[in-house]
2 protein chains.
Amino acid sequence: MEEPVGIKQIAQMANVSIGTVDRVLHRREGVSRHTRERVEAVIRKTGYKKNTAASRLRLGAHKKIRIAVLIPEVTNNWGYWELPKCGVEKAVEDLHDLGVRVSYYYFSDPVSFTKKSEQILGKEFDGIVTAPFFAEESKALLENCSDRNTPVVLLDTRVALEGANFICQDAHRAGMVAGRLLYGLAGENGLYIVVNLVNAGGLHENNRQREQGFRAFFDTDLPGKNVEIHTVDYPLDRPFDISPEIGKWLKDKRAKGVFVTNSRAYVIPGILRKYHVDNVHIVGFDLNRENLECLRNRDIFFLINQKPEEQGYLAVRGLFRYLTEKDASGLQADIPVEIVVRENLFTV
Amino acid sequence: MEEPVGIKQIAQMANVSIGTVDRVLHRREGVSRHTRERVEAVIRKTGYKKNTAASRLRLGAHKKIRIAVLIPEVTNNWGYWELPKCGVEKAVEDLHDLGVRVSYYYFSDPVSFTKKSEQILGKEFDGIVTAPFFAEESKALLENCSDRNTPVVLLDTRVALEGANFICQDAHRAGMVAGRLLYGLAGENGLYIVVNLVNAGGLHENNRQREQGFRAFFDTDLPGKNVEIHTVDYPLDRPFDISPEIGKWLKDKRAKGVFVTNSRAYVIPGILRKYHVDNVHIVGFDLNRENLECLRNRDIFFLINQKPEEQGYLAVRGLFRYLTEKDASGLQADIPVEIVVRENLFTV
DNA sequence: CTGAAAGCGCTTACAG
DNA sequence: CTGAAAGCGCTTACAG
């Protein structure tokens with residue numbers, strides 16, 4: 001519990017002015033080798049830690065930090081991106097004093113993504129938060145930002161983009177968790193069905209990785225058992241219903257496990273009821289209203305939360321730290337695979 | 001994104017000095033009704049929010065906030081309280097600039113608890129963090145603190161203490177979650193065993209509440225099903241082994257669910273192996289080394305984490321907010337019932 | 001009851 | 001290459 005030593009004491013001990021101490025601390029130019037070394041020695045010896053309150057007061061008052069958030073438009077049947085936005089707003093509330101300002105931009109397809117990207121680039125933001133939904137367009141944005149030294153944080157999905165900063169859940173691992181959970185419910189003789197509900201944009205990278213993780217769980221945890229796993233890709237624009245093949249699986253007497261790789265698990269229970277199928281356990285993603293309703297009714301056993309608010313929150317905080325303290329560690333984060341059941345719902 | 005309005009602007013608009021604005025903001029005495037109302041109107045109109053960086057710079061430099069942490073001694077076979085301490089240390093790191101200082105005190109029984117409590121009271125700390133393990137002694141401490149207006153935060157266990165501040169997991173709910181999880185694994189025809197491993201201090205309040213929650217799950221979720229649940233209280237000082245009655249349950253062919261209400265779930269798998277019992281699913285608490293080992297070996301299916309580091313962290317932050325901003329909301333917290341399996345272990 | 005002023009520790013623009 | 005000084009927004013001790 002050594003008492004606070006400040007830049008003033010350092011200056012005194014090293015026989016320099018506080019301005020010089022500051023230059024050394026921030027590794028700025030214009031300090032003679034000799035002086036720098038002397039000051040550095042004192043800094044080390046005293047274990048100096050900067051007073052962030054003072055630093056931020058000064059900084060926040062002078063230079064604003066402007067962050068652009070480019071996310072999918074919230075539509076009637078797709079409210080998910082409200083949540084990262086809530087997290088962003090919370091972070092802005094925390095950091096408003098310290099000069100952080102955010103502007104929102106919305107996209108709905110590759111064209112609008114590119115258009116909004118260009119608007120953002122034109123305004124010279126200090127940092128950008130977005131989601132890498134369109135491979136080419138995202139890459140173009142990242143390259144542009146890399147040239148300008150503008151940090152970018154990508155939420156929700158990890159895609160193959162060299163050197164990019166991701167704040168998202170490891171979808172492969174989430175799939176393995178889903179495997180573990182369903183395996184507990186349906187056992188090694190169970191029949192497993194992976195349901196990819198595909199929307200207009202095609203199969204999402206996250207869904208692919210989740211399915212891979214799910215299958216990897218059974219391959220590594222029960223090697224040689226040859227657990228029966230089927231995949232159903234179903235387009236969301238048609239009313240979901242079942243093919244004869246699926247019908248056959250569902251009539252199977254064994255315990256069944258259904259893994260829905262996106263946030264629409266709630267469509268499944270209705271279909272099962274329609275065909276009087278039972279002994280089915282469902283695991284899905286995301287705490288949307290419909291899924292929660294199913295959890296409460298015990299129609300879904302487990303939901304996996306990817307903590308979208310936290311993603312937004314961490315992205316803004318990470319950018320802030322990077323921009324103010326050159327600390328890049330907060331630009332990436334592995335979001336926990338949070339398991340939700342009916343009983344811990346309101347606590348998670 | 002309205003631009004920052006500070007106490008200076010408020011003062012100008014209300015035709016008073018900044019000192020007066022400050023008095024109004026902090027509801028301090030010595031402002032005429034008329035002036036106060038005028039200033040309040042301006043504050044409301046402008047939506048003033050205090051700059052916390054400035055406030056804290058000023059405050060932190062002047063008055064230190066001294067917090068005493070009174071927790072169980074860490075022993076060879078009981079390292080749990082390292083974890084809340086880690087959380088406390090993290091909070092202190094975050095808040096050191098802002099004047100927060102912590103001293104640790106350790107107890108091992110009611111006598112040492114009281115002794116250390118008295119030491120703490122003698123030193124006039126600004127706030128106290130402890131654990132309410134001894135009913136009478138805790139009550140005495142709380143009453144003393146209440147007289148002095150010293151805030152106290154209690155970790156780990158919620159006990160019947162009027163008006164106390166708890167930061168802990170809802171043990172009853174955690175028990176319900178355990179019920180849900182084991183029920184998923186062993187089903188309604190399963191045989192369930194609640195294992196209370198009792199140490200020298202007797203059955204802990206948390207264990208009692210967890211068992212109640214576990215039983216409540218079956219009562220409310222499967223009313224009338226009369227699921228078979230047995231309780232085994234076993235003292236930890238003798239080598240754990242099984243009575244003839246327990247032996248009979250274990251030989252039962254049905255799927256079995258074992259709920260260990262404390263952090264010693266890891267003792268169970270060895271016993272099961274010794275008696276060649278299988279088809280048993282185990283749920284326990286806490287991510288200690290031994291339990292994690294069992295999780296990795298697939299001997300334990302689920303662990304429930306009560307996030308001890310977070311408890312310590314939140315306690316210090318909560319006290320800090322209360323002491324600096326009279327905001328008591330952080331003095332209580334309901335810690336999520338976090339579910340851990342082998343596959344999400346390193347992400348939670 | 002109210003105001004004027006000092007100062008928290010840091011950063012920066014300016015002067016030399 | 002280095003120093004002296006101003007000022008971020010708030011809180012408080014002091015003066016009136």
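A quick note: this is a predicted structure, and the numbers were derived from the prediction, not measured. Sequence lines set the chain letters: A, B, ... in the order given, protein chains first and strands last, and positions in each chain run from 1.
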[options]: which one has an atom nearest the side-chain heavy atoms of [X]?
| X | options | answer |
| --- | --- | --- |
| Leu57(B) | dA5(D), dT2(D), dC8(C) | dC8(C) |
| Thr20(B) | dT2(D), dT2(C), dC8(D) | dT2(C) |
| Arg28(A) | dT12(C), dC1(D), dC1(C) | dT12(C) |
| Ser17(B) | dT12(C), dC1(C), dG3(C) | dG3(C) |
| Val31(A) | dT12(C), dT2(D), dG9(D) | dT2(D) |
| Val16(B) | dT12(D), dC1(D), dG3(C) | dG3(C) |

- Item | CD (Gln12(A)) with more than 12 external heavy atoms under 6.0 Å | no
- Do you see a donor-acceptor pair shorter than 3.5 Å between the side chains of Tyr313(B) and Lys307(B)? no
- Message: Please report the distance, rounded to the nearest Å, between CG in Leu59(A) and P in dG9(C).
- Response: 17 Å
- Note on the structure: Between NE2 of His26(B) and P of dG9(D) the distance, given in whole Å, is 16 Å
- Message: Does Thr35(A) reach a base, just sugar-phosphate, or nothing at all? Heavy atoms under 4.0 Å.
- Response: sugar-phosphate
- Inspect the contact between Arg44(A) and Glu40(A) and indicate whether a charged nitrogen and a carboxylate oxygen are less than 4.0 angstrom apart. no
- Message: Quick check: any donor-acceptor pair below 3.5 Å linking the side-chain of Arg23(B) to the base of dG3(C)?
- Response: yes
- Per nearest nucleotide of DNA chain D, the residue lying toward the 5' end, Arg33(A) or Tyr48(B), is Arg33(A)
- Message: Going by purine N1 to pyrimidine N3 plus the second Watson-Crick contact, or the G-U wobble pair, all under 3.5 Å, which nucleotide sits opposite dT2(D)?
- Response: dA15(C)
- Task: Could you give me the CA-CA distance, side-chain angles and deciding distance for Phe113(A) and Thr130(A), then say whether side-chain contact (heavy atoms from CB on, under 4.5 Å) is met?
- Result: CA-CA 10 Å; Phe113(A) 181 87; Thr130(A) 186; 3.5 Å; yes
